[in-house]
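Small disclaimer: the values here were computed from a predicted structure and weren't measured. Chain letters run A, B, ... following the sequence lines, proteins first and then strands; every chain starts at 1.
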Amino acid sequence: MNDFASRVLAWYHLHGRKNLPWQQDKTLYKVWVSEVMLQQTQVTTVIPYFEKFIDRFPTLADLAAAQEDEVLAHWTGLGYYARGRNLLKAAKTMIAQYGEFPTELEQVHALPGIGLSTAGAILSSVLQQPHAILDGNVKRVLARHYLVDGWTGNKKVQDKLWEFAKEVTPSKDTHHFNQAMMDIGATVCKRSKPLCEQCPVAETCFAKAQGLQKQYPQPKPKKVLPEKHTFMQILKYQHQVYLIKRPSSGLWGGLYAFSEFESLDELEQSHATQALNVIKSRELTGFRHTFSHFHLHITPVLVELENLPQSISEADSTWYQVDEKRDFGISTPTAKILEEISQLVSLS
DNA sequence: CAGGCGTGGCT
DNA sequence: TAGCCAAGCCT
């Protein structure tokens, strides 16, 4: 075993994290759910989602039998909703093709939402298979230790990091090594203020030797995010509001949402088109929601109706009683607006 | 293969 | 505060 790995493993036994929820009674299924939730998402955010998800879907078979809406209800607020849709799709595939969670890297990697790093992480963690991983933590440790130039999201840079990852990953105790690398990245080799005095590989770290910890890994090239606008139409009849399921691809795919319009005019014209009996219509307080790739200015417009219109009771839509338990997914802005409507309703 | 895809923690 | 970016993957 190489010296890098020996030092990392020694550190793991003393300082590695061993009490996270998905580290107890490990199964391929539970570790998979956690790994997917943890993609681009911090541990503290994931914990409550993981607990509720496993509580509702304790096994692979339970998940495979679930409705997409209920899976997305458990994903509401977590973001990157394709992860939830792919989780269900993969569960159905696994049950249909294998009858259980597959154990070969290629089989696992072939499932939707599971890349090479996630596949390696699952199989090494649960079955002690000797696969290297390359997540954000490992990237940061390696980019600093070997002074790897360029943004780590760049393909060539990532390829180089994979080479280093395979080089240092031992074929024995791989599960502990991988966990240790993620822990070092998360708790020692932090993005800002790295704690090099606590790092097991500080002596051989090129960034530390040259005092360049702050410059590595190199930042993503910055871009100005575009500003977009939308008007959300909240059709309300008594205590119910109208929501439509969004197409399964694209932004907020598969979530239930208010109808959107580019302008107030267009929104109001729809009242006539759909023959709505509007009691009154008013703008609520607008707000800005930021995505990874643009800013969205949202103006909610509350449209109170005299009766339930028939014309717009289409498939994949629902009149939702605002204080009722939800069994479908919504975005954070939708949740925010529903919360406000719920306040209004409770006062009336 | 660079951009699409969410949200919240941290500084 | 506003920007950066997190246990990435898909197209």
### Query
Where does the chain A footprint on DNA chain C start and end, counting 5' to 3' with a 4.0 Å heavy-atom cut-off?
C:dC4 to C:dC10

### Query
How does DNA chain B look in dot-bracket form if you count Watson-Crick and G-U pairs under 3.5 Å, write [ ] for pairs that cross, and put | where a base pairs with another strand?
.||||.|||||

#### Entry: Close side-chain approach of A:V303 to A:I234, heavy-atom, < 4.5 Å
no

### Message
Work out how far the C1' atom of B:dC1 is from that of C:dC9, and round it to whole angstrom.
### Response
13 Å

### Summary
By ring-ring contact (aromatic ring centres under 6.0 Å, His included), A:H293 pairs with (sequence neighbours left out) none

### Query
How is A:K223 classified with respect to the nucleic acid when contacts are heavy atoms under 4.0 Å: base, sugar-phosphate, or nothing?
sugar-phosphate

### Query
Counting only heavy atoms not in A:K214, do more than 12 sit closer than 6.0 Å to its NZ atom?
no

### Summary
Hits for side-chain contact (heavy atoms from CB on, under 4.5 Å) against A:E167, two or more places apart or cross-chain, chain-then-number order -> A:F164

### Query
Can you tell me how far CG of A:L87 sits from CE of A:M37, rounded to the nearest 0.5 angstrom?
7.5 Å

### Task
Name all residues meeting the ring-ring contact (aromatic ring centres under 6.0 Å, His included) criterion together with A:Y320; count only those two or more places apart in sequence or in a different chain, and write none if there are none.
A:F328

### Task
Return yes when atom CD of A:Q128 has more than 12 non-hydrogen atoms of other residues, nucleotides or ligands closer than 6.0 Å, and no otherwise.
yes

### Task
Verify ring pair (Phe, Tyr, Trp, His ring centres under 6.0 Å) between A:Y237 and A:W319, making sure each step is shown before the conclusion.
CA-CA 9 Å; A:Y237 171 68; A:W319 284 92; 7.2 Å; no

### Query
Is it the case that more than 12 heavy atoms not belonging to A:N307 sit under 6.0 Å from its CG atom?
yes

#### Entry: Inter- and intrachain pairs under ring-ring contact (aromatic ring centres under 6.0 Å, His included), touching residues 166-191 of chain A, at least two apart
A:Y12-A:H176, A:H13-A:H176

### Query
If the C1' atom of B:dG6 is compared with that of C:dA6, how far apart are they to the nearest Å?
12 Å

### Query
What pairs of residues pass the ring-ring contact (aromatic ring centres under 6.0 Å, His included) test when at least one of them lies in residues 121-145 of chain A, not counting sequence neighbours?
A:F4-A:H145

### Query
What residues in residues 139-173 of chain A put a non-hydrogen atom under 4.0 Å from any atom of DNA chain C?
A:R140

### Query
A:F294 ring centre to A:K228 NZ or CZ under 6.0 Å, with the angle to the axis within 45°?
yes

### Task
Could you tell me whether A:Q67 atom CD has more than 12 heavy atoms of other residues or ligands within 6.0 Å of it?
no

## Note on the structure
Contact check, residues 124-136 of chain A vs DNA chain C, heavy-atom distance under 4.0 Å, returns A:D135, A:G136

### Message
When the P atoms of C:dA7 and B:dT11 are compared, how many Å lie between them, rounded to an integer?
### Response
13 Å

### ring-ring contact (aromatic ring centres under 6.0 Å, His included) partners for A:W252, two or more places apart
A:F291

### Query
Would you call A:R288-A:E227 a salt bridge at under 4.0 Å N-O?
yes

### Summary
Reading nucleotides 4-11 of chain B from 5' to 3' and marking B where a protein heavy atom lies under 4.0 Å of the base, S where only the sugar-phosphate is that close, and - otherwise, the string is SBBBBB-S

### Query
Taking a hydrophobic cluster as the set of Ile, Leu, Val, Met, Phe, Trp and Tyr residues connected by side-chain heavy atoms closer than 4.5 Å, whether directly or through intermediates, do A:I330 and A:Y49 fall within one such cluster?
yes

#### Entry: Ring centers of A:H297, A:F287 separated by less than 6.0 Å
no

### Query
Within a radius of less than 6.0 Å around NZ of A:K92, do more than 12 heavy atoms belonging to other residues, nucleotides or ligands occur?
yes

### Query
How would you label the glycosidic angle of C:dA6: syn (within 90° of 0) or anti?
anti

### Message
At a heavy-atom distance below 4.0 Å, what parts of residues 14-22 of chain A sit against DNA chain C?
### Response
A:R17, A:L20, A:W22

